[in-house]
Amino acid sequence: MGRDMTTGNPFKLIVFFTLPMLIGNIFQQFYSMADTFIVSQTLGMDALAAVGSTGSITFLILGMAIGLTAGLAVITAQRFGKKDEAALRRSLGVSIIITGIVSLIITLIATLNTRNILEWMQTPPEIIDQAYDYLVIIFTGIGATVFFNFLSNILRAIGDSQTPLIFLIVTSILNIILDYLFILGFGMNVAGAGYATIISQLIASLLCLLYIRKRVRILRVRKQDWTLDWSEYSEHLRIGLPYGFQYSIIAVGSIAVQITLNQLGALSVAAYTAASKIDQLLTMPLPAFGVTMSTYAAQNFGAQKFERIKQGMRAGLKITLSYAIVIGILLFFSGRFLSGFFVNDYNEAVLELTEQFFKIQAPFYSFLALVFLLRHTIQGLGNSFAPTLAGVMELSARIFGALTLSHYFGFNGAIMANPLAWISAVIPLTLSYVYTQRLLMKQPNKTALWLSLGSKKVLRAVK
């Protein structure tokens, strides 16, 4: 069931809320890595590069919808903090309609343009057919992936991070089993990995929905909870769309990096794919703590406990910065060795590039930690402008690194795009958080009204 984060020790609440999400993320990465491991070891480096080359575009397409659902859950968390159950269920009904419409539109656009997208990204000719086989299946199953993330975000909004973990574990194990069945048993090549992923996500969605209907009374949407009140849709879209846009512009930067890697050849794509798997595995606690801070900030904002938000931020900073320093040191010295698990026959040329990846990126993980912590906290307060601005700055820096620095430094230049992006995003996020907190301490009611309605005119009007 849900957890009220407006009372109790902030440090303990943040840690214990994050742990189930972290374990879930590990399982999620585990079956993603299983795809990569099985593909690389059984189908070869071209197949690995084909699957890896789709990562950025998948993030762009899915990120928009998944980011939207995360934003919608912020309003749910705020209303949970206010203890307003009727408004919470009304929020859920509106969110379901928005999520369904967006998922359908994105699915149609993506599936009809898959080949064109890969060609636009200058996917190497030797891997484009396999990339298409994998990507078109992933796009077809967008609805399952989005709704599982939506339902998981709603449960977390009311303080339940344990139930999504259970469903993630089940679906992760199922995904691995289906990987072996489809790829090795049925000889379906990279398409098998795609089918395994969407079938697993579909089952997870159904399990999550069944659990909510049977066990979570507060989330049972009734006939009167469905509304056509445009003010409700406007409020949800005001938070949800910038969230989704933010994910998308970050993904555009990743696509710029991917295009650069594609131009450098399949060897660079394979190296980046292998190194990224290790990077994603060890940095996954950072976004998990970010999601926790979004829920924590939203609930306390709804309850108007603004001092607790500051206390939670202090706790989050201690945890995430300490962790970022530790993994930075680990990957700086051991990144090449760890990447070897995803490189067939320990290809020396690929491993040399993975080592360069971590030598450049690992010293900057503290900035990545700050990005996740600050961005999600600010979003939990209902401020969508600053995170969007940070996303634009992050995008600009990543494109500059990918397209300009790679011209002079090759693979190393493409990798420099990530640290540049993190540093660029931290600046507006830090300024926004400090400014908002000062306003909340000096003029709590006026500032809260401004954030909840998203208009500076409101703040001026009530002065």
Take T292 and T18 through the side-chain hydrogen bond (donor to acceptor under 3.5 Å, both in side chains) test and state the conclusion after the steps.
CA-CA 6 Å; T292 296; T18 303; 2.6 Å; yes
T76 versus L92: any side-chain heavy-atom pair under 4.5 Å?
no
Please find out if less than 6.0 Å separates the ring center of F17 from that of Y296.
no
Donor-acceptor under 3.5 Å (K359 side chain, F332 main chain):
yes
Out of curiosity, L135 CG to I61 CD1, how far, rounded to the nearest 0.5 Å?
8.5 Å
Kindly indicate whether the side chain of T354, heavy atoms from C-beta on, has any atom under 4.5 Å from the side chain of Y272.
no
Using the rule given for side-chain contact (heavy atoms from CB on, under 4.5 Å), can you reason through R156 versus M21, listing the C-alpha separation, both sets of side-chain angles and the distance that settles it, and then say yes or no?
CA-CA 9 Å; R156 294 185 188 112; M21 279 196 298; 3.3 Å; yes
Show the nearest heavy-atom pair for residues S294 and Y243, with the distance to one decimal.
OG-OH, 3.4 Å
Non-hydrogen side-chain atoms of I199 and F182 separated by less than 4.5 Å:
yes
When every non-hydrogen atom of A193 is compared with those of D179, the smallest separation belongs to CA-OD1, 3.5 Å
Nearest atoms (heavy-atom pairs only) where I75 meets S91:
CG2-OG, 3.9 Å
Any M393 side-chain heavy atom under 4.5 Å of P428 side chain:
yes
Could you tell me whether Y433 atom OH has more than 12 heavy atoms of other residues or ligands within 6.0 Å of it?
yes
For T7 and D4, does a side-chain donor sit closer than 3.5 Å to a side-chain acceptor?
no
With side chains defined as the heavy atoms from C-beta onward, is the minimum distance between F150 and I66 less than 4.5 Å?
no
Run the side-chain hydrogen bond (donor to acceptor under 3.5 Å, both in side chains) test on S231 and D229 for me, step by step, so that the C-alpha distance in whole Å, both residues' side-chain angles and the decisive distance to 0.1 Å come before the verdict.
CA-CA 5 Å; S231 64; D229 184 354; 2.7 Å; yes
Kindly say whether A303 contributes a backbone atom to a donor-acceptor pair with the side chain of K82 at under 3.5 angstrom?
no
So, are D225 and R220 salt-bridged, with charged N and O less than 4.0 Å apart?
no
When you measure from the side chain of N9 to the backbone N and O of F11, does any donor-acceptor pair fall under 3.5 Å?
yes
Tell me whether S205 contacts the main-chain N or O of A144 through its side chain, where contact means a donor paired with an acceptor under 3.5 Å.
yes
Say whether, by atom type as modelled, one donor and one acceptor occur between the side chain of Q299 and the main chain of A157 under 3.5 angstrom.
yes
Rounding to 0.5 Å, atoms CZ (R308) and CG (N300) come to a distance of 5.0 Å
State the CD1-CG distance between I98 and L72, to the nearest 0.5 angstrom.
5.5 Å
So which atom in F167 and which in F148 form the shortest heavy-atom distance, rounded to 0.1 Å?
CB-CE1, 4.0 Å
What pairs of donor and acceptor atoms, side-chain ones from residues 361-372 against any protein atom, are under 3.5 angstrom apart with sequence neighbours left out?
unit_1, atom_1, unit_2, atom_2, d
Q361, OE1, N418, ND2, 2.8
Q361, NE2, D279, OD1, 3.0
Y365, OH, D279, OD1, 2.5

Just verifying a value: how many Å separate T140 OG1 and I142 CD1, rounded to the nearest 0.5 Å?
8.0 Å
Side chains of L381 and T436: does their closest heavy-atom pair fall under 4.5 Å?
yes
Output, in order, the C-alpha distance, side-chain angles, deciding distance and verdict of side-chain hydrogen bond (donor to acceptor under 3.5 Å, both in side chains) for T69 and N149.
CA-CA 7 Å; T69 65; N149 279 272; over 6 Å; no
In Å and rounded to the nearest 0.5 Å, what is the CG to CD1 distance from L207 to I212?
11.5 Å
Please table the atom pairs, donor to acceptor, closer than 3.5 Å between any side-chain atom in residues 316-324 and protein atoms at least two apart or in another chain.
unit_1, atom_1, unit_2, atom_2, d
T320, OG1, G316, O, 2.8
S322, OG, K318, O, 2.7
Y323, OH, L282, O, 2.5

Could you go through I158 and I218, starting from their C-alpha distance and side-chain angles, then the distance that decides it, and tell me whether this counts as side-chain contact (heavy atoms from CB on, under 4.5 Å)?
CA-CA 9 Å; I158 64 169; I218 195 174; 4.2 Å; yes
Stepwise side-chain contact (heavy atoms from CB on, under 4.5 Å) test for S424 and E394
CA-CA 6 Å; S424 298; E394 185 175 348; 5.5 Å; no
Measure across S432 and A386 and return the closest heavy-atom pair with its distance rounded to 0.1 Å.
OG-CB, 3.1 Å
Locate the shortest heavy-atom distance separating V146 from S103; write the atom from each residue and the value.
CG1-OG, 3.4 Å
Just to verify, what does R90 make a side chain to side chain donor-acceptor pair (under 3.5 Å) with, not counting sequence neighbours?
E232
Is there side-chain contact between R398 and L420, with heavy atoms separated by less than 4.5 Å?
no
Basic-acidic side-chain contact under 4.0 Å: E235, R79:
yes
Answer yes or no: is there a side-chain heavy-atom contact under 4.5 Å between E85 and R217?
yes
L178 and Y195: side-chain contact (heavy atoms from CB on, under 4.5 Å), yes or no, with the steps?
CA-CA 8 Å; L178 292 178; Y195 283 119; over 6 Å; no
Mind checking the CG-CZ spacing from L155 to R215? Nearest 0.5 Å is all I need.
12.0 Å
Under 3.5 Å: donor-acceptor pair, side chain of Q78, backbone of G380:
yes
